[in-house]
Amino acid sequence: MKNYSLKEFGADILVDVAGGMMIAVGVYNFALHAIFPVAGFSGIAIILYHLLGIPVGIGTILLNVPVAVLCYKFLGKNFFLKSLKSIIISSILTDYVAPLLPVYEGNRFLAALCMGVLCGTGFAIIFMRGSSTGGQDFITLSVKKIYPHFSLGFITFVLDMVTIVMGSVIVFQEVDGFIYGIIVTYLMANVMDRIMYGVYEGKMTLIVTERGAEVASRIDEYSGRGSTILQGRGSYSGREKDVVMCACNNKQMYAIKKLVREIDPKAFTVIMESNEVVGEGFKESV
């Protein structure tokens with residue numbers, strides 16, 4: 001892989017081990033013996049484990065081969081090779097390290113919560129390193145390439161529902177297990193989105209005012225963030241007005257709204273959620 005240093009490789013290995021261990025513990029120590037369906041290729045591997053006795057890690061690798069071939073052109077060589085490394089590490093941890101730890105045999109609901117948080121966190125940190133654990137991740141990221149406006153958590157949730165239904169019908173055959181499967185899938189998707197996007201989420205505001213320069217100056221003075229002043233025209237009055245656009249974090253927005261009201265009580269302020277802000281002062285673009 002081009003410009004892939006030894007330091008980056010070492011960091012990738014550490015992330016793979018950390019994320020893979022979370023996934024391994026979530027799948028093997030919490031989900032495998034809790035009698036509820038699990039989403040994704042891990043869920044299909046668990047089905048194979050119950051039906052044929054194939055170890056979960058080995059089953060995951062076997063399932064990855066045809067999907068990797070089909071999705072290769074969407075993902076590229078570098079991502080494929082990095083993901084292959086992540087797949088092998090997470091599978092080894094699932095079959096050989098997680099079994100050395102105690103298996104949770106308590107409340108199924110608590111097992112579902114722990115599995116959702118652990119696996120969601122593990123998948124997220126591996127994704128954020130530019131890799132994946134293969135299988136459904138390959139499908140998820142291929143869909144993301146085609147439909148970039150869909151979040152990874154949403155795509156994962158939709159695909160996971162197929163596996164949950166399949167596991168409920170073929171293996172577990174109970175309504176409670178199906179419900180637990182939905183809970184853990186929803187939790188996992190939200191944990192993934194929260195970790196991947198929540199760190200950089202914030203607010204964006206559009207302030208329609210006749211005192212745009214003063215508003216922008218006060219925002220910069222308060223928060224140290226620049227603003228963009230756009231030119232607008234009122235559709236009813238026909239008057240020229242400034243539209244101040246500013247991105248800030250959640251804590252700063254209340255104060256910005258207050259100071260805008262002090263400067264121009266007639267200003268029209270629109271505040272919107274921003275899942276991710278990339279640029280100076282926020283997440284640096286890669």
Side-chain angles (χ1 to χ4, degrees), residues 113 116-130 140-141 143-158 160 182-286:
L113 292 181
V117 172
L118 285 169
C119 289
T121 303
F123 286 133
I125 64 176
I126 291 175
F127 273 138
M128 292 171 70
R129 193 63 193 176
T140 299
L141 293 176
V143 173
K144 179 72 172 175
K145 288 270 188 177
I146 301 172
Y147 302 103
H149 56 285
F150 290 158
S151 74
L152 287 171
F154 173 77
I155 299 170
T156 300
F157 181 78
V158 173
D160 285 349
I182 294 177
I183 292 173
V184 74
T185 301
Y186 178 80
L187 179 60
M188 196 180 340
N190 278 273
V191 168
M192 285 175 59
D193 278 350
R194 195 66 182 173
I195 292 175
M196 295 183 69
Y197 302 118
V199 175
Y200 304 110
E201 72 177 1
K203 303 282 189 183
M204 187 184 80
T205 182
L206 296 174
I207 304 161
V208 182
T209 176
E210 295 181 348
R211 305 172 68 178
E214 185 177 354
V215 169
S217 177
R218 288 288 299 277
I219 290 175
D220 180 62
E221 180 182 334
Y222 162 71
S223 65
R225 301 193 183 279
S227 303
T228 300
I229 300 178
L230 310 174
Q231 297 302 313
R233 181 192 298 271
S235 62
Y236 178 75
S237 65
R239 296 170 61 182
E240 297 286 343
K241 292 191 177 183
D242 295 327
V243 180
V244 181
M245 182 176 70
C246 176
C248 65
N249 62 43
N250 292 328
K251 294 180 181 179
Q252 293 171 329
M253 182 51 68
Y254 176 79
I256 288 176
K257 183 173 65 173
K258 184 177 180 180
L259 67 84
V260 169
R261 190 180 303 117
E262 293 174 355
I263 297 170
D264 183 3
K266 296 182 179 180
F268 185 77
T269 304
V270 180
I271 299 173
M272 295 167 281
E273 296 287 343
S274 178
N275 287 335
E276 187 173 14
V277 182
V278 179
E280 185 177 355
F282 291 92
K283 176 183 177 182
E284 291 300 323
S285 179
V286 179

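- One distance of note links OG1 of T205 with CD1 of I219; it measures 7.0 Å at 0.5 Å rounding.
- For the atom pair CG of L206 and CE of M272, the computed distance is 4.0 Å after rounding to the nearest 0.5 Å.
- One distance of note links CE of M192 with CD1 of I126; it measures 10.5 Å at 0.5 Å rounding.
- Considering every non-hydrogen atom in both A213 and D242, the closest pair reads N-OD2, 4.2 Å.
- Under the side chain to side chain donor-acceptor pair (under 3.5 Å) test applied with E210, the options R239, K241, K266 reduce to a single match, R239.
- A donor-acceptor pair is defined here as one N or O able to donate and one able to accept, closer than 3.5 Å; no such pair exists between the side chain of D220 and the backbone of A216.
- When every heavy atom of G120 is checked against every heavy atom of V191, the shortest pair comes out as C-CG1, 3.7 Å.
- The line from CD1 of I207 to CD1 of I271 is 8.0 Å long, rounded to the nearest 0.5 Å.
- Rounded to the nearest 0.5 Å, atoms CG (L113) and CG (L118) are 10.5 Å apart.
- By the 4.5 Å heavy-atom criterion applied to side chains, V244 and V260 are not counted as neighbours.
- A distance-only check finds no donor-acceptor pair linking the side chain of R218 to the backbone of I263 [under 3.5 Å].
- Take T121 and apply the side chain to side chain donor-acceptor pair (under 3.5 Å) test, not counting sequence neighbours, and it matches no residue.
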